[in-house]
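Below: one structure, written as structure tokens.
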Amino acid sequence: MSEKTMKLSLGPLLYYWPRQRVFDFYDAVAASDAVDIVYLGETVCSRRHELRLDDWLEIAARLEAAGKEAVLSTQALIESESDLKTLRRIVETAFRVEANDMGAVRLLAAAGRCDWVAGPTLNVFNPTTLALLTAEGATRWMAPPEMAGENVIDLREGLPAPLDTEIFAYGRLPLAWSARCFTARHHNLQKDACEFRCIEDADGMLLRTREGEPFLNLNGIQTQSARVYNLLADLARIEGNAEILRLSPQSEHTLEVAALFRAALDARLAPADAFAASLALMPEGPCNGFWYGQAGLAQVAADSAPAVAVPVPASGAAAPTPASVPELPFVRLLPGALRERLAQRLQTLRLPPFTVPKPLARLSAVLPQLPPTLALTTALNLAPASFLPLATLTPLTGRHLRVCVTDAGLRLDFTLGGNGRFHPCQSDDPVDLTISASVRDFIALALREEDADTLFFGRRLQMEGDTSLGVLVKNTLAATDWSVLRSSA
């Protein structure tokens, strides 16, 4: 890289963390040599009140005392008079401000501020808009994360005066905001009575497609990419076209990733090597498609010309290989080439959609439910401890559980006894937790074609009753290692 390397900034914290965790995080940031600029404040949801503005001001003062530039970021979606009151207070502070909506721009201009940052949610895509913002006092702008690198370069070349450019370089991509809260909806709660459930998800709530691929990430009213945007391998293409690179805080390894960026910018580490080292520190697989004008979820090889998207597995997950497919006895009798083709086919083979025929469902609904219930409880009792750790299921002891197979007419009532054994119970007793899904979805869950969170969010796996028990069962299903059953068979 050049002698005068780019600065690194840490964007505003997009997730809802407990108060002490936030203070601890920024204390670590203050002690880090990698980060130069830190953006602070609640930009996603005004209902998040673990920290108030005075707390953010205290953190800003600590960071400036440690030699960092502290910037207060405004909320992206202003919805109430209380939001406007907070916005006015931010504009009146002595700290630099990042404007994330035009209301903030108007207040900053009216206050005569000539030192503010045009944030990414202002959606600056042309020189006319940027010239208007600079005339109102902006001295730095951040390109929208979805803006292609060549468009950033073209826009910079058309500027009438120098203006610092900031590029989003690492983190889950913020894609959209909504007046609705998707996290609350997931928990069957209203937005105004959300119980602040997003504090339970330190990096948001990951969504997967029916094929199990990471798709989107829910963060309250904000929708993010599932993959993590990472331009570490692309620094050579950014050099000379930006003054600042922005990293978005994640719940783990943020400062370690920042150290890799700093090492690459200072030419102490090759960008490709820094990128390779960062893969193990990311919550999901990487992407950089937007920088190359492609689909955002693509991972484009930095040295490809023209750029070609290459698939990259999620961080920590190995790409499937023929050797990872369970080998059936008859497969050993096939020629090598045919065996390999069969293995490849098995990798993509999925359970087809189906439902139990209605006449069969009506019949099973009127038959005694004890035999299938005994089959279920016997299977649970025979499961190895590594598959079904009873220690984690202790809260289920003595509770009435019901499994409803919706398209098969089955209603299985059972409980966990004090001896650690499951056994049937009377169906007319009060039910503490009901779990409902179709035959196909229960099988897909067992085959690991679907995960519990995806089924739950898609309302294909429904839970009614005691919320704490439902969360316990859902988390147990999500963490279950079904391969234990195959290896012990």
Side-chain angles (χ1 to χ4, degrees), residues 182-190 195 197 200 205-212 218 350-381 383 387-388 392-393 395-416 422-480 482:
F182 299 111
T183 302
R185 181 68 185 87
H186 170 75
H187 293 286
N188 292 317
L189 298 169
Q190 297 296 319
E195 300 177 7
R197 289 298 186 90
E200 300 171 4
M205 184 182 300
L206 183 65
L207 303 183
R208 296 182 183 272
T209 65
R210 294 190 63 175
E211 292 73 31
L218 297 186
R350 292 183 55 80
L351 191 68
F354 71 87
T355 57
V356 175
K358 290 184 179 179
L360 183 58
R362 286 194 293 268
L363 176 61
S364 63
V366 299
L367 290 175
Q369 301 291 293
L370 181 58
T373 305
L374 281 171
L376 173 63
T377 56
T378 300
L380 293 173
N381 291 330
F387 168 76
L388 193 66
T392 64
L393 300 179
L396 299 179
T397 303
R399 310 300 291 272
H400 184 170
L401 310 176
R402 174 175 290 168
V403 170
C404 290
V405 187
T406 53
D407 60 339
L410 294 176
R411 193 175 65 177
L412 315 179
D413 296 89
F414 61 103
T415 187
L416 178 62
F422 290 94
H423 59 82
C425 63
Q426 294 295 325
S427 61
D428 53 356
D429 291 341
V431 179
D432 294 300
L433 177 67
T434 300
I435 304 170
S436 305
S438 67
V439 171
R440 193 266 175 204
D441 287 335
F442 275 127
I443 296 175
L445 186 63
L447 294 176
R448 301 297 278 176
E449 287 188 4
E450 305 277 10
D451 63 75
D453 284 332
T454 300
L455 292 176
F456 184 72
F457 185 79
R459 302 191 66 78
R460 291 156 55 199
L461 176 69
Q462 298 188 30
M463 298 189 184
E464 302 175 30
D466 190 315
T467 303
S468 62
L469 294 182
V471 172
L472 171 66
V473 171
K474 183 174 70 67
N475 291 344
T476 301
L477 288 172
T480 298
W482 299 89

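Since the model is a prediction, treat every value here as computed from it, not as a measurement.
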- Query: Counting N and O atoms only, with roles assigned by atom type, does the side chain of N381 sit under 3.5 Å from a partner on the main chain of F422, one being a donor and the other an acceptor?
  - Reply: yes
* Please indicate whether E200 has more than 12 foreign heavy atoms, meaning atoms of other residues, nucleotides or ligands, lying under 6.0 Å from its CD. => yes
query = Does D432 use its side chain to pair, donor to acceptor, with the backbone of H400 at less than 3.5 Å?
reply = yes
- Side-chain donor or acceptor of Q190 paired with backbone N/O of A184 under 3.5 Å: no
M463 and L433 have their tightest heavy-atom pair at CB-CD1, 4.2 Å
- Please confirm whether the backbone N or O of P424 pairs with a side-chain atom of T377, one donor and one acceptor, at under 3.5 Å? no
Show, in sequence, the C-alpha distance, side-chain angles and deciding distance for L396 and L469, and conclude whether the side-chain contact (heavy atoms from CB on, under 4.5 Å) test is met.
CA-CA 7 Å; L396 299 179; L469 294 182; 3.7 Å; yes
Taking every heavy atom of F354 against every heavy atom of D407, the minimum-distance pair comes out as O-OD2, 4.3 Å
| request: Would you confirm whether Q369, through its side chain, and L367, through its main-chain N or O, come within 3.5 Å as a donor-acceptor pair? | output: yes
Given the options D413, T373, T434, R402 meets side chain to side chain donor-acceptor pair (under 3.5 Å) only with D413
Backbone N or O of A375 within a donor-acceptor pair of the T378 side chain at under 3.5 Å? no
Correct closest heavy-atom pair for L376 and V403 would be CD2-CG2, 4.4 Å
